[in-house]
2 protein chains.
Amino acid sequence: MPGILTAIQEQMDTMNRKEKEIAAYVLAHAQNIVHMGITELSQQSGGSTATISRFCKQFHFSGFTEFKLKLAAELALEPAAQSYQDIVAGNPLPSIVSAMEANHVRSITDTTRMLDMKQLHKAIEALKSARQIDLYGVATSGLVAQDFYQKLVRIGKRAVTFSDPHMQVTSASNLTDRDVAIGISYSGETAETIAALKCAAENGATTISLTKFGANTLTSLASISLFTSTLEEGMRRGDMASRIAQLHVIDILFVGLVSEQFDDLVPRLENSFQMVKKYR
Amino acid sequence: MPGILTAIQEQMDTMNRKEKEIAAYVLAHAQNIVHMGITELSQQSGGSTATISRFCKQFHFSGFTEFKLKLAAELALEPAAQSYQDIVAGNPLPSIVSAMEANHVRSITDTTRMLDMKQLHKAIEALKSARQIDLYGVATSGLVAQDFYQKLVRIGKRAVTFSDPHMQVTSASNLTDRDVAIGISYSGETAETIAALKCAAENGATTISLTKFGANTLTSLASISLFTSTLEEGMRRGDMASRIAQLHVIDILFVGLVSEQFDDLVPRLENSFQMVKKYR
DNA sequence: CATAGATTAGAAAATAATTTTCAAAAACAA
DNA sequence: TTGTTTTTGAAAATTATTTTCTAATCTATG
């Protein structure tokens, strides 16, 4: 049970009274909600329509209707697709391989279903007009940042990424409102990344977060929020699947960026490949 | 492929003019419709909202909203196992997203089908008993090398990776027959990576290659060959999907390594997470 | 344990989305 | 052609959702 329902469960602690009531009802009756309107749900769950509407926005849906739509898509998958599989001691190789396959595929499809086209579009527009792009991330997410950095450089976009936290903040402090900063962290609670994105925001840069689905500190600092699917609690080494999902989102951003400026950028891409071949 | 879309197709004959127009649009843009309202769809498809509402009732839905909901559920189920899709100029965002999903998923499943369990097992055994592990790769493959490096460090394996080609060769020249070198390159023809792996082989190290499927220089230098799926010819920006496939193989290697030494290594993994939390 | 300030919640107003009605246009039959 | 039926979309009616605004509740502090 990945995705939305997991995210709701995880954030139950941080909710206030009525939100918890609603969350509890949603978790218990997920299947039914798909066939309800907001009015019916408000009667059943004991919260007003206003509170439910706000509840949905907490989870970064545009509103109740989108929440319902994404939930329907998620529930449709449940019985069919393989769920995330944990890796345990002494598994024979073939079962490791198929578990890995299931986890990675699931991670990509779940993340895709969760993507908010509007946020994605806003992110691409922001990148398109950015003078300078800063990418923040440490450890695994740092590699994702570097991956995007390599891509951006190939199309001639000014971009930087640092593994050193001090350099991240230093770079962030030089951004302006014409710039974009992207903070990547699966949990959304990585101190270094938070510090850098906060600094970028304070300097007026457009801030984009890429974290697991749900509310977290990094997301709260970002003007545009992008999400990857949430892995089940207790899933060992979730960072493998989450990194694949992050790269998936990065690829979409990049292709979106390239596609909108296709005629301008593709020759540059081809050119950068040719140049590397020639001058190495 | 049962469900709504098939039903629409079947009943196309018995429809009247405008309904056919709408049906054609729905079939061609099913993915997008999920993100539209009835008003937007009416503009796009060239039928009025009234006609669309009636269209939905023809199919025994209570209305447009239910139609959209069921369609979303159906599309979620559709195992995005289509074939590789090329990205072309000015694609709308939803089709970029689904093309990306199809490519990445396909890349993982194809690579899995292609995996040779014997080679995989040999690779894991080699890594298990390695004194030192050298990882070679440039550009995108360099990030894959770094990813593996980060993982190996976490379980206390001695490993190195360099982006500088001179350092790669320097490091390779210090390897012995107790060591393992892994060369990563999608084409298998990257000069720097070839040079480094060749040097490692000459010094007696066990050599592992990770390239696209088929014969190539890097593979010919390796005592153990691992492959990722080959992308269709003409596929633009194949390095996105290939990088996902490479990481997939790396993850399998890593989990295989951890699994075989589970009781020994897992505490180390947990410990490294705790230490990072504590001392950052 | 009062009280100022902040947060939360719901009623009702405002807005947005969808469906129905109804009149006009198109298709069809004689 | 002409009368009849069917199809269509503009606009009205309905329904659903979101926002606003005020009251209630909670929280921190003297």
Side-chain angles (χ1 to χ4, degrees), chain A residues 4 8 11-27 29-30 32-73 116-119 121-122 214-217 219-221 225, chain B residues 4 8 11-26 29-30 32-73 94:
Chain A
I4 300 165
I8 292 176
Q11 288 176 218
M12 278 275 253
D13 323 326
T14 67
M15 291 178 190
N16 46 41
R17 198 169 54 81
K18 278 286 160 184
E19 280 180 340
K20 251 182 216 162
E21 266 183 57
I22 294 166
Y25 187 88
V26 169
L27 289 173
H29 305 86
N32 307 354
I33 285 162
V34 174
H35 310 293
M36 293 181 187
I38 197 172
T39 317
E40 197 181 345
L41 177 57
S42 88
Q43 287 157 358
Q44 298 287 322
S45 70
S48 69
T49 60
T51 307
I52 292 171
S53 180
R54 281 187 290 252
F55 175 85
C56 296
K57 297 202 168 166
Q58 296 264 301
F59 288 93
H60 303 277
F61 296 107
S62 70
F64 176 71
T65 311
E66 195 193 323
F67 167 73
K68 213 167 63 173
L69 207 79
K70 292 277 166 69
L71 192 64
D116 182 332
M117 293 295 160
K118 286 196 199 92
Q119 295 286 306
H121 189 259
K122 274 169 69 181
N216 57 64
T217 309
T219 294
S220 69
L221 294 169
S225 304
Chain B
I4 302 163
I8 293 176
Q11 294 187 36
M12 276 273 252
D13 323 326
T14 68
M15 292 178 189
N16 46 41
R17 197 169 54 83
K18 278 285 161 186
E19 279 180 341
K20 251 181 216 164
E21 265 183 56
I22 293 166
Y25 187 89
V26 169
H29 304 87
N32 306 10
I33 285 161
V34 174
H35 310 290
M36 293 182 187
I38 197 171
T39 317
E40 195 180 347
L41 178 57
S42 87
Q43 287 157 359
Q44 298 286 323
S45 68
S48 68
T49 60
T51 307
I52 292 170
S53 180
R54 281 187 290 254
F55 174 87
C56 295
K57 297 201 168 167
Q58 297 265 302
F59 290 94
H60 304 283
F61 295 109
S62 70
F64 176 71
T65 311
E66 195 193 326
F67 168 72
K68 212 168 65 171
L69 208 76
K70 292 278 164 68
L71 191 64

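By convention in this document, chain letters (A, B, ...) are assigned in the order of the sequence lines, proteins followed by strands, and residues within each chain are numbered from 1. Side chains included, hydrogens not; waters and symmetry mates left out as well; all remaining heavy atoms used.
For the pair L41(B) CG and dA17(C) C1', the interatomic distance rounds to 13 Å; values are reported in whole Å. The NZ atom of K68(A) sits 12 Å away from the C1' atom of dT18(C) (whole-angstrom rounding). Between the CG atom of L69(A) and the C1' atom of dA17(C) there is a distance of 14 Å, rounded to whole Å. At whole-Å resolution of the value, CZ in F61(A) and P in dT18(D) are 12 Å apart. Atom CD1 of I52(A) is separated from atom P of dA16(D) by 14 Å (rounded to the nearest Å).
Between N16(B) and dT8(D), a side-chain N or O to OP1/OP2 separation shorter than 4.0 Å is present.
Taking every side-chain heavy atom of R54(A) into account, dA9(C) is the closest of dA9(C), dT17(D), dT8(D). Residue S48(A) places its side chain closer to dG10(C) than to any other of dG10(C), dT8(D), dT19(C). In this structure, the nucleotide among dG9(D), dT19(C), dG10(C) sitting nearest to the side chain of F64(B) is dT19(C). For A50(A), whose side chain is taken as the heavy atoms from C-beta onward, the closest listed nucleotide among dT18(C), dT17(D), dG10(C) is dG10(C). Each of dT19(C), dA27(C), dT8(C) was ranked by its minimum atom distance to the side chain of S53(B); first place goes to dT19(C). Residue T65(A) has its side chain nearest to dT17(D) when only dT17(D), dT8(D), dT20(C) are considered.
Relative ring orientation between F67(A) and F64(A) is described as tilted, the plane-to-plane angle lying within the 30° to 60° band.
When each of K18(A) and K57(B) is assigned the nucleotide of DNA chain C bearing its nearest heavy atom, the one mapping closer to the 5' terminus is K18(A).
When heavy atoms are screened at a 4.0 angstrom cut-off, R17(B) is found touching the sugar-phosphate backbone but no base atom. Across all strands shown, S42(B) has no heavy atoms under 4.0 Å from either base or sugar-phosphate atoms.
In terms of heavy-atom proximity, S53(A) sits nearest to I38(A) at N-CD1, 4.0 Å.
Looking only at side-chain heavy atoms (C-beta outward), T51(A) and E21(A) stay at 4.5 Å or farther from each other.
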